[in-house]
Amino acid sequence: MVTDNAAAKQQLLDSRYLRMAAIWAENSYCRRRQVGALLVKDKMIISDGYNGTPVGFENVCEDDNDHTFPYVLHAEANAITKVAQSNNSSSGATLYVTTSPCIECAKLIIQAGIRRVVFAQSYRLDDGVALLRRAGIEVVHLCDE
């Protein structure tokens, strides 16, 4: 049974990690939306990511009409692929992300074994969150403070 004290402590940690993800989002060169993500396991940050272009591409995310290029990676995908290149495992981790995951990122989250997702802002589509819940992943919407 989770005590009120444990739940309050978890919410405090969630809020702190989410603020750190928001700071990490500032690294993004995307004009339309800057998104940050942190992967945390056993109270340690094991990976991070922000939306942007693949390695070796110029840091331009949108065309002249402000449409995002199709090759731009989402923050969640960057964090998951980064941990895949390390000796860490995302199995059982919590993903903190400033915007709720899209359907494509939700599929990656499921396959990466992430057990919990905490986000601040809702994306315009909620199909990613619905898929995560269908897969039994705990999804927490922590509104901006």
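No hydrogens, no waters, no symmetry mates; every other heavy atom, side chains included, goes into these values.
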Might you work through the side-chain contact (heavy atoms from CB on, under 4.5 Å) test for Leu39 and Lys82, ending with a clear yes or no?
-> CA-CA 10 Å; Leu39 260 174; Lys82 190 173 182 180; over 6 Å; no
Does a donor on one side chain and an acceptor on the other come within less than 3.5 Å for Tyr96 and Asp14?
-> yes
Using side-chain contact (heavy atoms from CB on, under 4.5 Å) as the criterion, point out the one residue from Val118, Val117, Leu18 that pairs with Val97.
-> Val117
Determine whether Leu13 and Leu38 fall in the same hydrophobic cluster, where Ile, Leu, Val, Met, Phe, Trp and Tyr are linked whenever their side-chain heavy atoms lie under 4.5 Å apart.
-> yes
In short, Val35 meets Ala25 closest at the heavy-atom pair C-CB, 3.5 Å
Checking Thr53 side chain against Glu58 main chain: does a donor-acceptor pair fall under 3.5 Å?
-> yes
Judged by atom type as modelled, is there a donor-acceptor pair below 3.5 Å linking the side chain of Asn51 to the main-chain atoms of Leu73?
-> no
Short question: side chain of Gln34, backbone of Ser28 - any donor-acceptor pair under 3.5 Å?
-> yes
Close side-chain approach of Leu131 and Lys107, heavy atoms under 4.5 Å = yes
Are any side-chain N or O atoms of Asp126 and backbone N or O atoms of Val129, one a donor and one an acceptor, separated by less than 3.5 Å?
-> no
Which atom names give the shortest non-hydrogen contact between Ala106 and Leu132, and what distance separates them?
-> O-CD2, 3.7 Å
To the nearest 0.5 angstrom, please state how far the NE2 atom of His74 sits from the OG1 atom of Thr99.
-> 10.0 Å
Should the heavy atoms of other residues, nucleotides or ligands under 6.0 Å from CD of Gln111 be counted, would the total exceed 12?
-> no
Main-chain N/O of Tyr50 paired to Asn78 side chain as donor or acceptor, under 3.5 Å = yes
Below 4.5 Å, heavy atoms only, C-beta onward: do Leu95 and Ile109 meet side chain to side chain?
-> yes
Establish whether Ile103 and Leu125 are linked, either directly or via other cluster members, by ILVMFWY side-chain heavy-atom contacts under 4.5 Å.
-> no
Pick from Asp66, Asp63, Asp64: which one makes a salt bridge (Lys or Arg N to Asp or Glu O under 4.0 Å) with Arg31?
-> Asp66
Interatomic spacing from CZ in Arg134 to CD1 in Ile110 - rounded to 0.5 Å = 9.0 Å
Shortest non-hydrogen pair, Cys30 vs Val72, comes out as SG-CG1, 4.2 Å
So, do Arg16 and Gln11 sit near enough that their side-chain heavy atoms are less than 4.5 Å apart?
-> no
Would you say His141 and Ser122 make side-chain contact, with heavy atoms under 4.5 Å?
-> yes
Without swapping roles, check the side chain of Ser15 against the backbone of Leu12 for a donor-acceptor pair under 3.5 Å.
-> no
Report, as yes or no, whether the 6.0 Å neighbourhood of atom CG on Asp42 holds more than 12 heavy atoms from other residues, nucleotides or ligands.
-> no
Give every residue pair that meets the disulfide (SG to SG under 2.5 Å) criterion with at least one member in residues 69-120, sequence neighbours excluded.
-> none
Considering only heavy atoms from C-beta outward, does the side chain of Phe119 approach that of Val139 to under 4.5 Å?
-> yes
Give a yes or no on this: more than 12 heavy atoms of other residues, nucleotides or ligands lie within 6.0 Å of atom CD of Glu62.
-> yes
Judged by atom type as modelled, is there a donor-acceptor pair below 3.5 Å linking the side chain of Ser47 to the main-chain atoms of Ala79?
-> yes
Starting from the C-alpha separation in whole Å, work towards a yes-or-no answer on side-chain contact (heavy atoms from CB on, under 4.5 Å) for Glu76 and Leu108.
-> CA-CA 8 Å; Glu76 304 95 319; Leu108 291 174; over 6 Å; no
Can you check whether Val40 reaches Ile46 side chain to side chain, under 4.5 Å on heavy atoms?
-> no
Can you find a pair of side-chain heavy atoms, one from Pro54 and one from Tyr71, that are under 4.5 Å apart?
-> yes
Using ring pair (Phe, Tyr, Trp, His ring centres under 6.0 Å) as the criterion, list what pairs up with Tyr123, not counting sequence neighbours.
-> none
Ser90 and Val83: which non-hydrogen atoms are nearest, and at how many Å?
-> CB-CG1, 4.0 Å
Any side-chain heavy-atom pair of Thr94 and Lys41 under 4.5 Å = no
Using the test ring pair (Phe, Tyr, Trp, His ring centres under 6.0 Å), find all partners of Tyr29 that sit at least two apart in sequence or belong to another chain.
-> none
